[in-house]
Asks: 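Mind looking over this structure? Questions follow.
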Protein chains: 2
Amino acid sequence: MQDYDPGAFPPFAVTVDLAVCTVREQRLHVLLVRRGEDPYQGAWALPGGFVRPRESAECAARRELAEETGLSQRTVEHLHLEQLRTYSDPDRDPRMRVVSVAYTALLPDLPEPRGGGDAAHAQWMPLASASPLAFDHDRILADAYERIGAKLEYTCLATSFCPPEFTLGELQQVYETVWGVELDRPNFRRKVLTTPGFVEAVEGAPRRTGGRGKPAAIYRAGAASALHPPLLRPEGRQS
Amino acid sequence: MQDYDPGAFPPFAVTVDLAVCTVREQRLHVLLVRRGEDPYQGAWALPGGFVRPRESAECAARRELAEETGLSQRTVEHLHLEQLRTYSDPDRDPRMRVVSVAYTALLPDLPEPRGGGDAAHAQWMPLASASPLAFDHDRILADAYERIGAKLEYTCLATSFCPPEFTLGELQQVYETVWGVELDRPNFRRKVLTTPGFVEAVEGAPRRTGGRGKPAAIYRAGAASALHPPLLRPEGRQS
DNA sequence: CCAAAAGTGTTAAAGATACACCCATGC
DNA sequence: GCATGGGTGTATCTTTAACACTTTTGG
């Protein structure tokens with residue numbers, strides 16, 4: 001910051017990229033858009049775009065998400081966005097120097113995005129079928145996946161993947177899907193219920209989950225954001 | 001990324017800021033530089049500077065660190081730098097739009113930085129006496145402190161605060177200083193020694209720590225980077 | 001001898017794991 | 001009835017936490 005001269009620095013473009021994930025049909029999905037222009041025309045990419053002169057990166061992320069994917073204004077406004085990291089390799093965009101701030105968001109399984117404009121090209125894609133993506137988006141997505149898996153261990157983030165009211169079975173499926181392991185139901189249940197503030201019971205009629213089986217009690221996300229002690233995955237690996 | 005027009009976007013400046021921390025005299029210290037120019041002339045700030053056209057943010061961080069603080073080339077090259085987050089509030093710099101990528105680094109207690117150029121103004125400052133800093137650096141530093149505390153729980157990062165060879169007492173002091181708590185020595189010892197790859201014993205003569213007491217065995221950082229299971233702080237709080 | 005810091009051992013509580021088993025529903 | 005998923009109980013093992021005690025140094 002010592003040597004300051006506005007004219008001396010070539011223009012950097014600053015963009016945001018979003019790894020928006022959900023759990024559908026027992027698999028982790030990510031929201032992608034198809035690129036309409038070069039470079040990478042026709043390729044799938046993470047939604048994102050340029051940060052405007054008077055907005056923060058997080059504001060830009062919400063705006064782009066609404067514009068490009070047709071998610072409702074309400075959804076986008078209340079969404080929990082987490083900054084993942086910033087990608088600044090000089091050659092990550094062939095056109096010019098672009099520094100991109102990546103964000104991660106977790107959503108419950110929503111209806112297929114529809115809507116006008118850019119949104120026409122947005123859709124959910126299973127993570128396994130997502131690559132190759134445009135630019136360095138494979139890398140960003142891989143980082144997002146790793147971060148999400150790690151965060152499930154020591155935060156209440158898993159409830160972000162669930163609708164406002166959910167069953168413990170649904171919550172457990174989030175863990176199993178993201179981690180790719182099976183968990184013991186009784187133990188999972190105990191763990192979740194004894195962690196203060198993780199979930200809170202919703203009074204009223206229990207709900208049928210699938211067609212079969214006993215109706216399950218329903219819960220809401222609790223007030224806590226961190227899990228103490230953490231819920232570690234069976235075979236512990238970590239960043 | 002859809003609507004691309006290089007001329008349509010005003011120039012963003014991209015900078016890096018570094019929260020370089022060490023443990024000295026039982027307190028966490030941060031490396032600061034005194035600003036020589038407006039804005040915030042005379043105020044203390046985190047070291048940092050502009051990213052050049054053909055370098056990544058991480059390269060810029062290492063370069064600026066060497067330039068501004070007089071740390072040796074070797075130190076800077078081998079340093080573990082971790083990206084903290086990116087700060088992009090439109091008004092964070094009064095001069096123009098500056099987006100800054102912040103990094104955190106952990107060092108063993110080194111001699112006071114000295115050296116030519118900008119480095120003349122660099123010095124270690126206890127975290128408690130650091131504020132107020134220039135720009136939004138108080139915020140960055142607070143985020144760095146929180147991140148470091150959290151990372152000690154589930155990574156081997158604490159060894160970065162220690163010299164290449166260290167005693168378990170020194171390692172324990174890192175935890176106690178950063179977390180601001182006292183830990184039970186026998187339990188700490190067991191935990192560290194039973195975590196594979198956290199530390200490895202160095203054969204040879206034990207070392208006197210202070211003047212008094214039994215000489216302590218010496219250890220080196222091990223190959224592991226993550227701690228499983230984690231070493232949780234007594235009163236669990238987390239981001 | 002005493003103080004100080006390293007290192008060992010022991011015990012009790014808390015948490016994780018692996019099950020067996022019962023309950024309520026659709027078919 | 002039976003398959004399916006929800007929910008409860010329990011025995012066992014591992015990890016943590018608290019603390020008593022021994023060892024080796026300097027003064």
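Within every chain, numbering begins at 1; the chains are lettered A, B, ... in the order of the sequence lines, protein sequences first and strands thereafter. Computation of the quantities below employed the complete heavy-atom set of this structure, encompassing side-chain atoms and omitting hydrogens, waters and symmetry-equivalent molecules.
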Asks: Starting at atom CD of A:Glu182, determine the distance to atom P of C:dC19, rounded to an integer number of angstrom.
Replies: 13 Å
Asks: Taking the nucleotide of DNA chain C with the closest heavy atom to each, which residue, B:Arg212 or B:Tyr219, is nearer the 5' end?
Replies: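 Its nucleotide being nearer the 5' end, the pick is B:Arg212.
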Asks: Hey, does the side chain of B:Ser88 reach the backbone of A:Ala57 with a donor-acceptor pair shorter than 3.5 angstrom?
Replies: yes
Asks: Out of D:dG6, C:dG7, D:dA18, which has the shortest distance to the side chain of B:Ala216?
Replies: C:dG7
Asks: Specify the separation, in whole Å, of atom CD of A:Gln172 and atom P of D:dT4.
Replies: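 Rounded to the whole Å, the gap is 17 Å.
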Asks: Is there a side-chain contact between A:Val199 and A:Phe166 in this structure, where contact means two heavy atoms from C-beta onward sitting under 4.5 Å apart?
Replies: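 Yes - at least one pair of side-chain heavy atoms lies under 4.5 Å apart.
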Asks: Taking atom C1' of C:dA6 as reference, at what distance in whole Å does atom CZ of B:Phe166 sit?
Replies: 16 Å
Asks: Between C:dA6 atom C1' and B:Leu171 atom CG, what is the distance in whole Å?
Replies: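 Rounded to the whole Å, the gap is 15 Å.
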Asks: Starting at NZ of B:Lys214 and ending at P of C:dA6, how long is that distance when rounded to a whole Å?
Replies: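 That distance rounds to 10 Å.
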Asks: Does any part of the side chain of B:Pro229, heavy atoms only, come nearer than 4.5 Å to the side chain of B:Lys191, both counted from C-beta?
Replies: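 SC-SC contact between B:Lys191 and B:Pro229 confirmed.
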Asks: Counting only side-chain N and O atoms of B:Arg189, is one of them less than 4.0 Å from OP1 or OP2 of C:dG7?
Replies: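 Affirmative; the distance criterion is met.
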Asks: Start at the 5' end of DNA chain D and walk down; is the nucleotide closest to B:Pro215 or to A:Leu193 reached first?
Replies: A:Leu193
Asks: Name the pairs: protein N/O against N/O of nucleotides 13-17 of chain D, kept only if under 3.5 Å.
Replies:
unit_1: D:dT16; atom_1: OP1; unit_2: B:Lys191; atom_2: NZ; d: 3.2
unit_1: D:dA17; atom_1: N7; unit_2: B:Asn187; atom_2: OD1; d: 3.4

Asks: Among C:dG7, D:dG7, D:dC19, which nucleotide sits nearest the side chain of B:Asp184?
Replies: D:dC19
Asks: Over how many whole Å does the gap from A:Phe188 atom CZ to C:dG15 atom P extend?
Replies: 17 Å
Asks: Are the side chain of A:Arg62 and the backbone of A:Val76 linked by a donor-acceptor contact shorter than 3.5 Å?
Replies: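 A pair under 3.5 Å: yes.
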Asks: To the nearest angstrom, how far is A:Glu170 atom CD from D:dG5 atom P?
Replies: 13 Å
Asks: Tell me if the side-chain of B:Arg185 makes a donor-acceptor pair with the base of C:dA6, cut-off 3.5 Å, by modelled atom types.
Replies: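 Counting by modelled atom types and ignoring angles, a donor-acceptor contact under 3.5 Å is found here.
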Asks: Taking all atoms of both residues into account, what is the closest heavy-atom pair of A:Leu107 and A:Val20, and its distance?
Replies: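 A:Leu107 and A:Val20 have their closest heavy atoms at CD1-CG1, 3.7 Å.
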Asks: Verify whether the ring centers belonging to A:Tyr154 and B:Tyr154 lie closer than 6.0 Å.
Replies: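 Distance test on ring centres: under 6.0 Å, yes.
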Asks: Taking the six-membered ring of A:Tyr87 as reference, does the NZ or CZ atom of A:Arg85 fall below 6.0 Å from its centre and within a 45° cone about the axis?
Replies: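 That pair qualifies as a cation-pi contact.
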